[in-house]
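What follows is a short report on a single structure.
Numbered from 1 within each chain, the chains take letters A, B, ... in sequence-line order.
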Protein chains: 2
Amino acid sequence: MPQQSNKQKLFASKGIKSTKQRNMVFDILEEFETPVSVEQIHLKLSEVDSTVNMSTVYRILEVFVNKGLVLKTNIMGTNSAGFILNRLEHKHQLVCLKCNKIVPINKCPLNKLEQLMREETDFEIMGHKLEVFGYCPDCKERDK
Amino acid sequence: MPQQSNKQKLFASKGIKSTKQRNMVFDILEEFETPVSVEQIHLKLSEVDSTVNMSTVYRILEVFVNKGLVLKTNIMGTNSAGFILNRLEHKHQLVCLKCNKIVPINKCPLNKLEQLMREETDFEIMGHKLEVFGYCPDCKERDK
DNA sequence: GTAACTGCAAACCTTTTGCAGCTTG
DNA sequence: CAAGCTGCAAAAGGTTTGCAGTTAC
């Protein structure tokens with residue numbers, strides 16, 4: 001099973017001990033292309049194993065973030081954190097400030113910018129997050 | 001005093017009633033170029049008027065956000081919201097995932113992208129937020 | 001076998017809310 | 001004056017932590 005072994009290699013390469021819980025959380029993260037809340041992850045986990053504790057999820061995500069496997073952002077319109085796998089490719093979002101509707105953006109002019117910044121600042125760049133704010137057609141009309 | 005009157009005009013144009021507290025919060029926001037937490041705002045307020053309540057600050061910021069005067073994001077590495085004036089010009093940041101060091105980015109290739117999105121999605125676009133994540137030179141070395 | 005991970009329960013911090021009194025236009 | 005804003009105190013929501021028991025290497 002090469003899938004399995006890829007994940008194990010990834011964990012090993014980052015110095016992350018492999019546990020049942022960490023494997024499950026990672027699998028869940030792989031299913032999503034937009035940021036997921038801890039609650040969502042915990043809920044999905046519960047379907048398979050209802051003994052896994054919320055604080056365990058928090059701790060696992062903290063490890064993943066520190067090792068660069070996952071990016072932590074926040075979920076628009078809430079006070080909770082959102083977590084997303086730090087894939088090489090990525091998605092951007094256009095977010096309505098009023099109704100929180102989300103429209104994906106399919107263009108990304110930032111790869112060149114990243115390269116430029118790498119050279120200028122000597123940061124090791126892991127990824128980026130772009131959010132564009134505005135009012136969607138519906139809210140735009142309703143409000144004025 | 002033309003400054004003052006500009007602010008009043010801005011409030012009026014958005015249908016925001018002018019109060020002592022709102023004026024003070026707005027003035028504080030003007031001092032910052034990166035997102036500020038509610039606590040920071042409340043602290044600064046206290047220096048001038050220690051009777052202003054935290055919940056008032058929250059409610060004022062909510063109004064400002066709903067009227068498009070202010071953008072709500074989050075402060076990296078914390079669980080608290082960050083607020084920043086929705087200026088026409090804006091700044092971007094390069095954030096170290098490890099030590100949370102922040103380096104400003106002086107290039108923004110996104111104005112064209114905004115225009116493009118406006119046409120494609122019919123959103124009324126108010127602004128955008130770009131965060132680039134990585135490890136700063138110091139942390140990059142320290143860790144591997 | 002040992003260091004690291006997990007579950008549980010409690011603590012902590014941030015944000016929201018109901019209500020009574022006060023301010024602004 | 002009326003509508004809307006504010007202060008206070010309490011509740012709600014999200015996240016972190018200490019500890020004892022368990023698991024991965």
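- Other residues, nucleotides and ligands place more than 12 heavy atoms under 6.0 Å from the CD atom of Glu30(B).
- In this structure, Phe11(B) and Phe64(B) have tilted ring planes: the angle between them lies in the 30° to 60° band.
- Residue Arg22(B) places at least one side-chain N or O closer than 4.0 Å to OP1 or OP2 of dC5(D).
- The phosphate of dT17(C) (OP1 or OP2) has no side-chain N or O of Ser55(B) nearer than 4.0 angstrom.
- Thr51(B) comes within 4.0 angstrom of the backbone, heavy atoms only, and of no base.
- For Val52(A), taking side-chain heavy atoms from C-beta onward, the closest of the listed nucleotides dC19(C), dT15(D), dG7(C) is dG7(C).
- Rounded to whole Å, atom P of dG13(D) lies 12 Å from atom CE of Met54(A).
- Mapping Ser50(B) and Thr19(A) onto DNA chain D by nearest heavy atom places Ser50(B) closer to the 5' end of the strand.
- Nearest nucleotide to the Ala81(A) side chain, out of dG7(C), dA24(D), dT15(D): dT15(D).
- For the OP1/OP2 pair of dG13(D) and a distance below 4.0 Å, the side-chain nitrogens and oxygens of Asn79(A) include no atom meeting the criterion.
- In this structure, of dG14(D), dA24(D), dT17(D), it is dG14(D) that holds the atom nearest to the side chain of Tyr58(A).
- Under 4.0 angstrom from either OP1 or OP2 of dG7(C) there lies at least one side-chain N or O belonging to Gln21(A).
- Of the candidates dC25(D), dC19(D), dG25(C), dC25(D) carries the atom nearest the Lys17(A) side chain, counting heavy atoms from C-beta on.
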